[in-house]
Amino acid sequence: MSDCIFCKIVAGEIPSETVYEDDAVLAFLTIKPKADTHILVIPKQHIVNFADVQEHEWPLLQKVLQSVQHIARQEKLEGYRLITNNGELGGQEVFHMHWHILAGKNLPSF
Ligand code: 5GP
Ligand code: ZN
């Protein structure tokens, strides 16, 4: 999508700090970290959010989640929180599906 910030990051039009990349998935650091470690994991293909995943896109979601596990091991995270916000009322600000990996001391409890 031409006006999507994360599609622009995938295209290299906006710089980001890559943590992990393969043919289908990109992970990079957020510009506004809310924890000691705060990584965003996205499919390179534009999908609005988890709630909007279509039947044929489930294999891609599997790749994204497998990447989360890979990244957590790569970064040697002993524990982490995985969040994906859905829709404005769910706190979503960028409408290209992303999974937040949050780790470090003092994560707030729910
Ligand atoms: P949301 O609120 O949609 O779940 O999360 C959006 C995330 O994208 C936030 O962590 C926010 O800081 C991050 N973000 C927004 N714009 C940019 C950007 O241009 N570059 C990077 N690296 N992160 C961004
Ligand atoms: Zn996009």
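Heavy-atom basis, side chains included; hydrogens, waters and symmetry copies ignored. In listed order, ligands and their atoms are each counted from 1.
- The number of protein N/O/S atoms found under 2.8 Å from the Zn ion (ligand 2) is 4.
- Note that NZ of K8 is 5.5 Å distant from CD1 of I14, once rounded to the nearest 0.5 Å.
- Distance check: L82 CG to I101 CD1 gives 6.5 Å after rounding to the nearest 0.5 Å.
- Under the 4.5 Å side-chain contact rule for hydrophobic residues, I83 and V94 do not share a cluster.
- Relative ring orientation between F6 and F28 is described as perpendicular, the plane-to-plane angle rising above 60° on a 0-90° scale split at 30° and 60°.
- Side-chain N or O atoms of N49 include none that pairs as donor or acceptor with a backbone N or O of N85 at under 3.5 Å.
- In summary, the aromatic rings of H96 and H98 are positioned with their centroids too far apart to meet the 6.0 Å limit.
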Below 3.5 Å, can you tabulate the donor-acceptor pairs from side chains in residues 54-62 to any protein atom, sequence neighbours excluded?
residue: Q54; atom: NE2; partner: D52; partner atom: O; Å: 2.7
residue: E57; atom: OE1; partner: Q54; partner atom: N; Å: 2.8

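- Here I31 sits alone; no ILVMFWY side chain lies under 4.5 Å from its own, so it joins no hydrophobic cluster.
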Do any nitrogen or oxygen atoms of ligand 1 lie under 3.5 Å from a protein nitrogen or oxygen, and which ones?
residue: ligand 1; atom: 2 (O); partner: G91; partner atom: O; Å: 3.0
residue: ligand 1; atom: 2 (O); partner: E93; partner atom: N; Å: 3.3
residue: ligand 1; atom: 3 (O); partner: E93; partner atom: N; Å: 2.6
residue: ligand 1; atom: 3 (O); partner: V94; partner atom: N; Å: 2.9
residue: ligand 1; atom: 3 (O); partner: H98; partner atom: NE2; Å: 3.0
residue: ligand 1; atom: 4 (O); partner: N85; partner atom: ND2; Å: 2.8
residue: ligand 1; atom: 4 (O); partner: H98; partner atom: NE2; Å: 2.8
residue: ligand 1; atom: 4 (O); partner: H100; partner atom: NE2; Å: 2.8
residue: ligand 1; atom: 5 (O); partner: H98; partner atom: NE2; Å: 3.0
residue: ligand 1; atom: 5 (O); partner: H100; partner atom: NE2; Å: 3.4
residue: ligand 1; atom: 10 (O); partner: T30; partner atom: OG1; Å: 2.7
residue: ligand 1; atom: 12 (O); partner: T30; partner atom: OG1; Å: 2.7
residue: ligand 1; atom: 22 (N); partner: L29; partner atom: O; Å: 2.9
residue: ligand 1; atom: 23 (N); partner: I31; partner atom: N; Å: 3.4

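- At a threshold of 4.5 Å between non-hydrogen side-chain atoms, the residues P43 and M97 count as touching.
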